[in-house]
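Below is one structure; the comments refer to it alone.
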Amino acid sequence: MAYGYIGSMKARPGHRDDVVALLLGGVEELGEAGCGSYVVSTSAADEDMIWVMEVWRSKEHHDASLRLPEAKAAIGRAMPMLTGEFSSRELEVVGGLGVRV
């Protein structure tokens, strides 16, 4: 069964778009790393909130992607622009439109 991850992060005021750009900067490589869906969204209710929804072949693929040098560098650049408020949920993905695994 595919692995799903939904996470939120809060950007410091004025930095949301910079964080979104970092999150979207390496999407081409995600497919090769085992990602079947990667969606970055902003909140209409909170101008500093960012949501990321992901579907991976497995949790192991997701975890390995976070160890890639490009991912580590992007995370390092993003962290100073974030407040430290995070939430996350891990899911078992059973299907849906646009899901490739």
Side-chain angles (χ1 to χ4, degrees):
M1 191 162 301
Y3 171 79
Y5 179 88
I6 298 174
S8 71
M9 62 195 79
K10 191 158 188 154
R12 294 184 186 281
H15 291 285
R16 183 195 71 188
D17 293 344
D18 296 326
V19 174
V20 167
L22 283 170
L23 291 169
L24 293 174
V27 294
E28 299 80 24
E29 292 83 25
L30 292 177
E32 295 173 16
C35 186
S37 179
Y38 182 82
V39 179
V40 177
S41 303
T42 56
S43 172
D46 183 339
E47 65 185 29
D48 298 318
M49 188 63 69
I50 303 164
W51 291 88
V52 180
M53 297 165 280
E54 307 172 41
V55 177
W56 292 83
R57 282 188 219 142
S58 68
K59 180 170 177 18
E60 292 75 24
H61 283 91
H62 175 260
D63 293 349
S65 75
L66 296 173
R67 294 189 296 270
L68 295 171
E70 300 85 0
K72 286 183 172 184
I75 291 167
R77 289 192 303 275
M79 288 306 283
M81 294 186 274
L82 299 172
T83 65
E85 296 174 58
F86 301 96
S87 72
S88 65
R89 296 290 181 267
E90 295 180 295
L91 310 164
E92 292 181 2
V93 177
V94 296
L97 181 64
V99 175
R100 297 180 323 259
V101 289

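Only this structure's heavy atoms are used, side chains among them; waters, hydrogens and symmetry mates stay out. Residue indices begin at 1 and follow the sequence shown.
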Backbone of Ile50 reached by a side-chain donor or acceptor of Arg16 within 3.5 Å: no
Are [Y] and [X] linked, directly or through intermediate hydrophobic residues, by side-chain heavy-atom contacts shorter than 4.5 Å (ILVMFWY only)?
X	Y	value
Tyr5	Met1	no
Trp51	Leu91	yes
Tyr38	Val20	yes
Trp56	Ile6	no
Val52	Val39	no

Charged N-O contact under 4.0 Å between Lys10 and Asp46: yes
Show the nearest heavy-atom pair for residues [X] and [Y], with the distance to one decimal.
X	Y	value
Ala2	Val55	CB-CG1, 4.1 Å
Glu85	Thr83	N-OG1, 3.2 Å
Ala33	Ser65	CB-CB, 4.5 Å
Cys35	Ser37	SG-O, 3.2 Å

Over 12 non-hydrogen atoms of neighbours within 6.0 angstrom of CD in Glu29: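 Atom CD in Glu29 is crowded, with more than 12 foreign heavy atoms closer than 6.0 Å.
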Heavy-atom neighbours of Lys72 NZ exceed 12 at 6.0 Å: no
Candidates Glu92, Arg57, Glu90, Glu54 - the one meeting side-chain contact (heavy atoms from CB on, under 4.5 Å) with Tyr3: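 Result for side-chain contact (heavy atoms from CB on, under 4.5 Å) with Tyr3: Glu90.
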Spacing of CG belonging to Leu22 relative to CG belonging to Asp17, to within rounding of 0.5 Å: 11.5 Å
Steps toward side chain to side chain contact (heavy atoms under 4.5 Å, CB included) verdict (Leu23, Val19): CA-CA 6 Å; Leu23 291 169; Val19 174; 4.1 Å; yes
Distance-only donor-acceptor check, side chains Ser58 and His61, under 3.5 Å: yes
